[in-house]
Amino acid sequence: MNDWQRKSPLDWHTYVNKLVKVVAIEKHEYEGWVLTVDPVSASIVLAAFLENEEVSISVVMGHAVQEVEILQEGDSEMEQRLSRIFAPEESKAYSPEELEKRKNDLKTWLETNHIPVTEQGESGRTLCVAGVLMIDPPYGPEQCSSSNEIILSRVQGLVQGYLEKQQ
C-alpha cells in the first residue's frame with residue numbers, strides 16, 4: 001500500500017476541484033482537475049479541458065499513484081464547470097418560486113383540458129393525475145410515474161406537448 005492509498009477520504013477531498021499533477025508508476029505523469037477520488041480504490045478521476053470545449057476524463061488507479069502535486073486552486077467558476085461535466089444538458093436548477101409556477105401552470109392547463117389533478121405530499125409538491133399518475137418537480141415528462149403504462153405514455157405525451165408550446 002502506498003502513501004496515497006493510506007490517506008483518508010477527508011484528505012482526498014482536499015484535492016477535489018484543484019488542478020494537480022499526478023506521478024504514477026513507471027514515471028507516467030497526468031495533469032488535470034480532480035473531479036473525485038474513489039474512497040475504496042483511491043483512484044483519482046481527472047478532467048482536462050481541450051480546445052473547442054471538449055473534456056478528456058482520465059482515471060489514475062490508486063495503487064499506481066506515487067505523488068500528487070497541487071498546481072492550482074479551483075475558483076467557484078471552475079467548480080461550476082466541473083460539476084456540469086456529468087450533468088445532463090437539460091438538467092437545470094429551478095428556484096422554489098419557478099417550481100411553484102411550473103406546477104401551478106401545468107395544473108391549470110391539465111384542469112382546463114378536463115383532466116382531474118390534485119396536489120399531494122407534505123408540501124403539495126407532487127401532482128396526482130386521476131389518482132393513478134404522479135408528476136414530481138420539475139414537472140416534465142421524465143418525472144411522470146404510474147403503474148399503468150397506457151396512462152403514463154399518454155400523459156407524458158400531453159406534458160411534452162404542453163412544454164413545447166410554452167417555449
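Every heavy atom of this structure was used, including side-chain atoms; hydrogens, water molecules and symmetry mates were not. Not measured: the values here are computed from a predicted model. Quick note: residue numbers are just sequence positions, from 1.
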Could you go through the side-chain contact (heavy atoms from CB on, under 4.5 Å) check for Leu127 and Glu119 one step at a time?
CA-CA 5 Å; Leu127 293 177; Glu119 295 180 20; 3.9 Å; yes

Donor-acceptor pair, Asp105 side chain versus Arg102 backbone, under 3.5 Å?
no

Main-chain N/O of Val65 paired with Asn2 side-chain donor or acceptor, under 3.5 Å:
yes

Has the side chain of Asn113 got a donor or acceptor atom that lies under 3.5 Å from a matching backbone atom of Ile115?
no

If every non-hydrogen atom of Gly62 is compared with every non-hydrogen atom of Trp4, which pair is closest and at what distance?
O-CD1, 4.0 Å

Is the shortest side-chain heavy-atom distance between Ile135 and Thr126 below 4.5 Å?
no

Could you report the tightest heavy-atom contact between Asp75 and Met78, atom names first, then the distance?
OD1-N, 2.8 Å

Parallel, tilted or perpendicular: which fits the ring planes of Tyr162 and Trp109, with parallel below 30° and perpendicular above 60°?
tilted

Close side-chain approach of Arg84 and Arg81, heavy atoms under 4.5 Å:
yes

Does Lys103 come within less than 4.0 Å of Glu100, counting only side-chain N to carboxylate O?
yes

Checking the side chain of Glu98 only, and the main-chain atoms of Ser95 only, is there a donor and an acceptor separated by less than 3.5 Å?
yes

Quick check against the 3.5 Å criterion: does Ser43 have a side-chain atom that pairs as donor or acceptor with the backbone of Asp38?
no

Option among Ile151, Val117, Val159 that satisfies the side chain to side chain contact (heavy atoms under 4.5 Å, CB included) test with Val129
Val117

Under 6.0 Å from the CZ atom of Arg125, do we count more than 12 heavy atoms belonging to anything else shown?
no

Does one hydrophobic cluster hold both Met134 and Leu158, with members joined at side-chain heavy-atom distances below 4.5 Å?
no

Passing option when Thr36 is tested against Leu82, Leu46, Val45 for side chain to side chain contact (heavy atoms under 4.5 Å, CB included):
Val45

Could you tell me whether Leu50 atom CG has more than 12 heavy atoms of other residues or ligands within 6.0 Å of it?
yes

Is it true that a side-chain atom of Gln143 and a backbone atom of Gly140 form a donor plus acceptor pair closer than 3.5 Å?
yes

Treat each ILVMFWY residue as a node, draw an edge where side-chain heavy atoms are under 4.5 Å apart, and state whether Val20 and Leu71 are in one component.
no

Would you say the side-chain atoms of Ser153 pair up with the backbone N or O of Glu149, donor to acceptor, closer than 3.5 Å?
no

Would one find more than 12 heavy atoms of other residues, nucleotides or ligands at under 6.0 Å from atom CD of Gln166?
yes

So does Asp3 pair up with Arg6, basic N to acidic O under 4.0 Å?
yes

Smallest heavy-atom separation, Trp12 atom then Ala42 atom, equals CZ2-CB, 3.5 Å

Could you give me the CA-CA distance, side-chain angles and deciding distance for Lys21 and Glu31, then say whether salt bridge (Lys or Arg N to Asp or Glu O under 4.0 Å) is met?
CA-CA 4 Å; Lys21 180 169 90 175; Glu31 196 172 299; over 6 Å; no

Looking at CG of Leu133 and CG of Leu152, how far apart are the two atoms once the value is rounded to the nearest 0.5 Å?
6.0 Å

Hey, mind stepping through Tyr15 and Trp33 against ring-ring contact (aromatic ring centres under 6.0 Å, His included) and telling me if it holds?
CA-CA 9 Å; Tyr15 291 87; Trp33 293 90; over 10 Å; no

Which heavy atom of Cys144 sits nearest to which heavy atom of Gln156, and what is that distance?
CB-CG, 3.8 Å

